[in-house]
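Heads up: the structure comes next, in structure tokens.
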Amino acid sequence: MAQAQLSEPTFEKKSSPRRDRLEARVAAEQKALFQKAADLQGKTLTEFLIHSAQQEALKTVRDYEVITLGEEDRRIFIDAFLNPKLPNDALRSAAKEYLKDHQ
């Protein structure tokens with residue numbers, strides 16, 4: 001499957017003051033698990049949670065923004081891109097109407 005590539009947004013590290021605060025109430029078992037994972041990675045609990053949440057957020061955004069095409073869809077897209085058809089009357093009329101309203 002062909003997949004579009006997105007560049008990951010860059011985030012400033014420690015150069016800008018942190019002003020926003022997030023709070024969450026979790027079960028004691030969840031906090032213990034998060035703390036254990038943070039300890040295993042040599043991070044503070046806050047560092048671990050922020051990194052984990054950011055990675056999951058990037059993955060979620062990427063999953064919604066990336067278009068994955070099957071072989072047949074890819075072939076159709078490439079063919080349409082390389083061999084565009086001339087606009088028909090309806091498209092020409094719509095373009096004229098759009099330009100009239102947006103000039």
Side-chain angles (χ1 to χ4, degrees):
M1 291 188 172
Q3 192 172 20
Q5 296 294 318
L6 297 176
S7 60
E8 286 193 16
T10 56
F11 297 95
E12 294 180 35
K13 293 185 179 195
K14 309 220 187 229
S15 61
S16 62
R18 293 185 174 136
R19 288 173 263 163
D20 292 339
R21 182 176 182 88
L22 296 175
E23 293 184 35
R25 297 212 180 268
V26 297
E29 297 83 14
Q30 288 175 306
K31 184 177 180 190
L33 175 63
F34 299 156
Q35 185 64 61
K36 182 176 182 179
D39 293 343
L40 290 169
Q41 290 188 359
K43 296 179 178 180
T44 66
L45 181 57
T46 299
E47 289 169 337
F48 175 79
L49 292 173
I50 289 172
H51 177 78
S52 298
Q54 181 171 324
Q55 291 307 111
E56 188 63 25
L58 288 169
K59 179 185 176 303
T60 299
V61 170
R62 193 176 305 114
D63 289 348
Y64 278 87
E65 290 180 347
V66 171
I67 299 171
T68 304
L69 301 176
E71 187 62 33
E72 179 66 9
D73 294 327
R74 186 179 65 79
R75 186 194 62 72
I76 291 168
F77 176 80
I78 290 172
D79 183 57
F81 184 76
L82 295 176
N83 304 300
K85 297 197 179 354
L86 294 174
N88 61 23
D89 291 338
L91 183 57
R92 277 193 226 100
S93 176
K96 285 179 187 175
E97 192 68 29
Y98 175 84
L99 290 173
K100 183 177 76 172
D101 293 342
H102 292 86
Q103 286 182 347

* Leu82-Phe77 co-clustered via ILVMFWY side chain contacts under 4.5 Å -> yes
* When rounded to the nearest 0.5 angstrom, what is the spacing between CD1 in Ile76 and CG in Leu69? -> 9.5 Å
* Asked: Who passes salt bridge (Lys or Arg N to Asp or Glu O under 4.0 Å) against Glu97, sequence neighbours left out?
  -> Lys100
* Asked: Quick one: side-chain contact (heavy atoms from CB on, under 4.5 Å) partners of Leu45, sequence neighbours excluded?
  -> Lys31, Phe34, Gln35, Leu49
* **Distance (rounded to the nearest 0.5 Å) between Leu58 CG and Asp63 CG** => 10.5 Å
* Structure fact -> Interatomic distance, CD1@Ile50 vs OG1@Thr44, rounded to 0.5 Å, equals 7.5 Å
* Does His51 use its side chain to pair, donor to acceptor, with the backbone of Glu47 at less than 3.5 Å? -> no
* Between Asp89 and Arg92, is the closest basic N to carboxylate O distance under 4.0 Å? -> yes
* Tell me, please, which residues at least two apart from Glu56 pass side-chain contact (heavy atoms from CB on, under 4.5 Å). => Lys59, Thr60
* **Closest approach of Phe48 to Gln41 (non-hydrogen atoms, all atoms of both residues)** => CD1-OE1, 3.6 Å
* Mind checking the OG1-CZ spacing from Thr68 to Arg74? Nearest 0.5 Å is all I need. => 13.0 Å
* State whether the number of non-hydrogen atoms from other residues, nucleotides or ligands found under 6.0 Å of Leu40 atom CG is greater than 12. => yes
